[in-house]
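Lettering follows sequence order; numbering is per chain, from 1. In this text the structure is predicted, and so the values were computed from the model without any measurement. Below, each value reflects all heavy atoms present in this structure, side chains not excepted, and no hydrogens, waters or symmetry copies.
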Number of protein chains: 4
Amino acid sequence: MGDPTLATTEATPDARRRDPERTREDILTVATAEFAAEGYTGARIDDIAARTRTTKRMIYYYFGSKEGLYLAVMENAYTGIRTLERELDIEGLGPVDALRALAEHTYDHHTSHPNFVRLVAIENVHRAEHITRSAVIHELNSTAIDTLERILKLGVEAGLFRADVDALDAHMMISSYAIFHVANRYTFRALFGRDLLDDERHEHYRALAGDAIVAALTDVRQTGT
Amino acid sequence: MGDPTLATTEATPDARRRDPERTREDILTVATAEFAAEGYTGARIDDIAARTRTTKRMIYYYFGSKEGLYLAVMENAYTGIRTLERELDIEGLGPVDALRALAEHTYDHHTSHPNFVRLVAIENVHRAEHITRSAVIHELNSTAIDTLERILKLGVEAGLFRADVDALDAHMMISSYAIFHVANRYTFRALFGRDLLDDERHEHYRALAGDAIVAALTDVRQTGT
Amino acid sequence: MGDPTLATTEATPDARRRDPERTREDILTVATAEFAAEGYTGARIDDIAARTRTTKRMIYYYFGSKEGLYLAVMENAYTGIRTLERELDIEGLGPVDALRALAEHTYDHHTSHPNFVRLVAIENVHRAEHITRSAVIHELNSTAIDTLERILKLGVEAGLFRADVDALDAHMMISSYAIFHVANRYTFRALFGRDLLDDERHEHYRALAGDAIVAALTDVRQTGT
Amino acid sequence: MGDPTLATTEATPDARRRDPERTREDILTVATAEFAAEGYTGARIDDIAARTRTTKRMIYYYFGSKEGLYLAVMENAYTGIRTLERELDIEGLGPVDALRALAEHTYDHHTSHPNFVRLVAIENVHRAEHITRSAVIHELNSTAIDTLERILKLGVEAGLFRADVDALDAHMMISSYAIFHVANRYTFRALFGRDLLDDERHEHYRALAGDAIVAALTDVRQTGT
DNA sequence: CATGAATGAGCCTTCATTCAT
DNA sequence: TATGAATGAAGGCTCATTCAT
């Protein structure tokens with residue numbers, strides 16, 4: 001719901017035929033859910049087709065192959081997140097507050113879009129061989145990186161931030177924290193009995209996401225000790 | 001070879017028969033590499049057998065099924081990391097230095113045992129359904145958590161650390177950073193062109209692992225600003 | 001050929017594709033022969049497929065599994081015999097002649113449909129676990145039982161038949177005689193050197209089938225001694 | 001119990017080794033139960049070995065192969081029934097009573113030795129190919145046939161029995177009735193809801209066994225009508 | 001556009017049997 | 001005599017994909 005791109009939505013009851021765009025989107029929605037749930041190898045074309053209001057033949061008509069469908073799912077997912085990234089508004093905020101806002105926004109996004117995080121994990125299991133070949137994904141420019149660069153530049157110039165941690169490093173730190181909560185949720189719970197996505201802990205972990213990145217980037221030499 | 005548990009080793013050339021322990025380990029070694037490389041569903045029993053000095057039949061003789069083999073691989077992997085955790089020596093270190101040492105040790109371990117990290121990612125794709133059923137894994141107590149608890153206690157009592165971040169939270173932060181480097185290496189490189197496991201950056205990221213967790217746990221109210 | 005349901009027919013030479021009904025029946029015919037010849041466990045899906053004009057894959061497409069195929073064979077066989085049962089015409093016959101006609105008809109049917117008898121024997125080896133689950137077979141009403149009930153009622157009312165042998169008992173006696181000739185033919189021949197299905201003895205055994213059941217049901221108290 | 005030859009007995013607790021005869025019998029007992037329960041193809045050497053106090057290797061040592069074991073089971077079973085046949089005492093009985101006693105004895109035997117009946121059914125599924133090759137079974141002379149010949153001779157001479165039904169025919173009729181109760185018990189129950197081996201009906205069916213064969217052999221021309 | 005039918009390659013698993021000790 | 005380890009052949013089943021209508 002909320003995210004028409006990734007959520008597992010049911011096919012509209014009335015089988016509206018003769019609407020190619022709708023058919024395509026229907027397949028994509030179902031396939032996203034299936035690939036995110038079962039992995040690339042584990043996903044079944046038959047299962048996807050069964051949950052669609054069209055047939056298996058249409059999947060091949062629109063996407064050519066299982067890999068083609070998977071790639072379309074990945075491109076769709078990455079396009080979605082890039083769009084959401086742009087929604088973040090940090091105008092008028094100082095570097096520290098902006099950084100914190102970015103981290104919290106990322107945390108919110110990832111925890112509310114588990115399928116995206118799962119797809120990324122799955123793609124990594126396959127050594128990113130699919131998205132590496134995708135022109136679409138390469139053309140997507142990460143707003144997050146651009147934003148981070150500006151924030152870091154301001155912060156360093158103000159003597160607040162370390163100068164030896166660049167935007168990609170910061171992005172890595174922010175992402176790793178947020179992704180872990182979704183990607184490693186199950187083994188973490190199995191081993192330690194704690195559900196990282198428990199609603200009760202959401203605020204705590206959200207705030208910690210901001211605190212941690214701000215603390216990590218703060219130039220300790222400035223504060224003295 | 002460094003880690004006989006996880007590395008992909010070739011079968012010993014001379015097919016020494018009648019050595020069940022060797023046969024079992026041989027299968028386990030090859031299977032670990034295969035599952036880590038291809039995922040649970042993607043792994044092929046035939047391929048595993050082919051790279052072993054025994055036959056496919058023996059896999060079923062010793063492990064019963066594909067799932068049984070996979071579970072044995074996971075149990076072996078987790079047992080291995082728990083053993084390595086115990087190697088960390090932080091005797092005589094203060095809480096800050098101990099925390100930093102633990103983070104760097106974790107970073108070193110994960111980046112030098114990519115198969116372990118990949119297996120954990122794969123198990124999460126399957127919602128940890130296998131290890132949840134494993135008695136062996138449930139019985140493994142994490143030394144890391146115990147160690148962290150002691151460190152945090154000392155740090156909090158000394159007024160150095162935040163009191164609202166417990167050992168599991170700290171473990172989550174340390175792990176997420178280290179795991180991300182291995183688990184998300186491929187998509188990160190595909191998207192941003194940077195290899196997180198590049199030797200040239202190893203020291204930088206290793207140090208950052210320590211800095212980040214120390215900074216995150218440090219009670220900022222103490223230092224003022 | 002006489003019985004398209006049970007006989008082992010060869011696949012039609014010209015592989016006419018796109019005729020699902022034909023494909024299904026082709027598989028069923030071959031499978032009936034295979035299961036009757038080799039038993040449930042002994043039957044080989046590969047062998048069945050090889051004697052079909054389709055492939056092994058199609059067997060699973062239509063019947064789902066070996067057990068599904070076997071069940072379809074059993075349902076088809078029982079449906080066939082029920083149909084043949086209805087062909088018996090005993091209109092206008094008195095109870096004694098009707099009973100004799102029914103016994104002879106059963107004897108003829110079973111000896112001319114050995115595969116049906118063999119399938120029943122095989123199903124009993126498996127404790128009828130398959131047909132017990134079959135809704136189709138449960139819905140089949142036995143005309144033979146209904147007919148027998150009417151015959152017995154008339155015979156008893158006329159003081160000709162014993163009143164303590166009901167239709168199921170009579171059916172059991174008639175069936176046991178006829179089935180034995182087919183089901184135990186081989187051990188009987190091996191032990192005593194006599195082929196119960198020898199053409200030369202057919203008339204003798206056919207008449208005996210009628211004589212025996214009539215004699216068994218006749219109320220001896222009536223005839224005195 | 002009752003019949004040490006066919007019943008499924010547990011291995012004696014104390015693993016008395018170095019007793020070849022005991023080992024052989026142990027295997028035979030377990031194998032009889034397994035083959036009777038699962039059929040020739042369905043029986044598993046591993047399962048038999050597991051329920052024995054010896055190992056799989058011993059089965060091959062004593063019986064050579066699965067078929068050898070099966071044959072030994074069959075020979076043992078047939079030897080057992082021949083022995084029991086001889087227990088019947090009809091001295092001093094007239095032909096009618098002797099015939100009735102024989103039929104009832106057969107009925108009692110078969111219904112109390114279901115494994116024997118099942119093995120016969122299984123052997124017939126395989127077209128008696130195994131016992132045909134057995135010298136042991138060919139050498140067994142059926143007392144029942146000899147006894148029947150004498151009975152029939154007396155009865156025919158006394159003008160009581162039909163002369164055109166010989167001992168093998170009579171044996172066939174007696175056996176078919178008794179065997180059906182055990183061999184077709186499951187399908188009969190599945191189709192008609194009646195358990196032919198129900199204790200409540202035992203006496204009825206036992207008496208009917210005698211009545212039926214006596215009636216069938218009685219020369220009706222003598223009694224007039 | 002749409003669909004049921006069909007396919008070939010390959011996957012996991014099992015079984016009777018034998019070997020080395 | 002006894003036993004755990006090992007094996008080759010085959011068996012049931014599944015999957016992505018394509019064809020004919």
Side-chain angles (χ1 to χ4, degrees), chain A residues 15 17-20 23 41-49 53-70, chain B residues 15-24 41-49 52-69, chain C residues 15-24 41-49 52-69, chain D residues 15 17-20 23 41-49 53-70:
Chain A
R17 281 159 197 168
R18 317 280 164 182
D19 186 342
T23 299
T41 321
R44 298 288 169 253
I45 294 284
D46 276 291
D47 290 357
I48 293 172
R53 60 183 163 77
T54 47
T55 67
K56 195 160 43 162
R57 188 65 191 83
M58 284 297 92
I59 293 175
Y60 285 91
Y61 183 79
Y62 283 113
F63 302 98
S65 66
K66 183 182 185 179
E67 195 180 351
L69 175 58
Y70 174 79
Chain B
R16 225 161 326 186
R17 283 162 195 169
R18 304 291 152 180
D19 187 342
E21 199 52 39
R22 224 185 160 71
T23 301
R24 231 191 92 99
T41 321
R44 297 287 169 253
I45 294 284
D46 277 288
D47 292 355
I48 293 171
T52 297
R53 63 180 165 78
T54 45
T55 65
K56 185 165 50 164
R57 186 63 191 77
M58 280 293 93
I59 294 176
Y60 286 90
Y61 183 74
Y62 282 109
F63 301 98
S65 66
K66 184 181 186 179
E67 193 179 353
L69 176 59
Chain C
R16 224 162 328 188
R17 282 163 195 170
R18 305 289 153 183
D19 188 344
E21 198 53 39
R22 226 187 159 69
T23 301
R24 230 191 92 99
T41 322
R44 298 286 169 254
I45 294 285
D46 276 289
D47 291 355
I48 294 171
T52 298
R53 62 181 166 78
T54 45
T55 65
K56 184 165 53 163
R57 186 64 192 76
M58 280 293 92
I59 294 176
Y60 287 91
Y61 182 75
Y62 282 109
F63 301 98
S65 66
K66 184 182 187 179
E67 193 180 351
L69 176 57
Chain D
R17 283 159 196 166
R18 316 284 164 181
D19 187 344
T23 300
T41 321
R44 297 287 169 255
I45 293 283
D46 277 291
D47 291 356
I48 293 171
R53 60 183 165 77
T54 46
T55 67
K56 196 160 44 163
R57 188 65 190 82
M58 284 297 91
I59 294 175
Y60 285 91
Y61 182 78
Y62 283 114
F63 302 97
S65 66
K66 183 182 185 179
E67 195 179 351
L69 176 59
Y70 174 79

What is the distance, rounded to the nearest whole Å, between atom [atom1] of [X] and atom [atom2] of [N]?
X     : N      : atom1 : atom2 : result
D:Y60 : E:dT17 : OH    : P     : 4 Å
C:I48 : F:dC13 : CD1   : P     : 11 Å
C:M58 : F:dG12 : CE    : P     : 18 Å
C:R53 : E:dA5  : CZ    : C1'   : 12 Å
C:E21 : E:dA6  : CD    : P     : 11 Å
C:F63 : F:dC13 : CZ    : C1'   : 16 Å
C:Y62 : E:dA6  : OH    : C1'   : 8 Å
C:I59 : E:dT7  : CD1   : P     : 12 Å

- Do the non-hydrogen side-chain atoms of C:L69 and C:K66 ever get within less than 4.5 Å of each other?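 When only atoms from C-beta onward are counted, C:K66 and C:L69 do not touch, as no gap falls below 4.5 Å.
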
- E:dC1 to F:dA20 separation - P atoms, rounded to the nearest Å: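 Roughly 23 Å separates the two P atoms.
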
How long is the span from the [atom1] atom in [X] to the [atom2] atom in [Y], to the nearest 0.5 Å?
X     : Y     : atom1 : atom2 : answer
D:I45 : D:F63 : CD1   : CZ    : 10.0 Å
B:T54 : B:Y61 : OG1   : OH    : 12.5 Å
B:E21 : B:Y62 : CD    : OH    : 8.0 Å
B:T23 : B:I59 : OG1   : CD1   : 11.5 Å

- Phosphate-side-chain proximity, B:Y61 and F:dA6, N/O vs OP1/OP2 below 4.0 Å: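 Negative; the distance criterion is not met.
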
- For B:T23 and F:dA6, is the shortest distance between a side-chain N/O and OP1 or OP2 below 4.0 Å?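 Yes, such a contact exists.
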
- Item | Residue whose closest nucleotide on DNA chain F lies nearer the 5' end, B:T54 versus C:E67 |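 Looking at DNA chain F, the more 5' nearest nucleotide goes with B:T54.
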
- Message: Testing the basics here: between B:T41 and A:R44, what is the closest heavy-atom pair and its distance to 0.1 Å?
- Response: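 Looks like CG2-NH2, 4.1 Å.
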
Pairs under 3.5 Å (N/O, protein and nucleotides 9-11 of chain F):
from	atom 1	to	atom 2	distance (Å)
F:dG11	O5'	C:R44	NE	3.2

- Of all residues at least two apart in sequence or in a different chain, which pass the salt bridge (Lys or Arg N to Asp or Glu O under 4.0 Å) check with B:K56?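 Counting only residues at least two positions away or on another chain, B:K56 forms a salt bridge (Lys or Arg N to Asp or Glu O under 4.0 Å) with B:D46.
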
- Which nucleotide in E:dC12, F:dG4, E:dT7 has an atom nearest any side-chain atom of C:T55: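 Taking heavy atoms from C-beta onward, the closest nucleotide is E:dT7.
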
- Query: Can you give the dot-bracket line for DNA chain E, using ( ) for pairs inside the strand, [ ] for pairs that cross earlier ones, | for pairs with another strand and . for unpaired bases, where Watson-Crick and G-U count if both distances are under 3.5 Å?
  - Reply: .||||||||||||||||||||

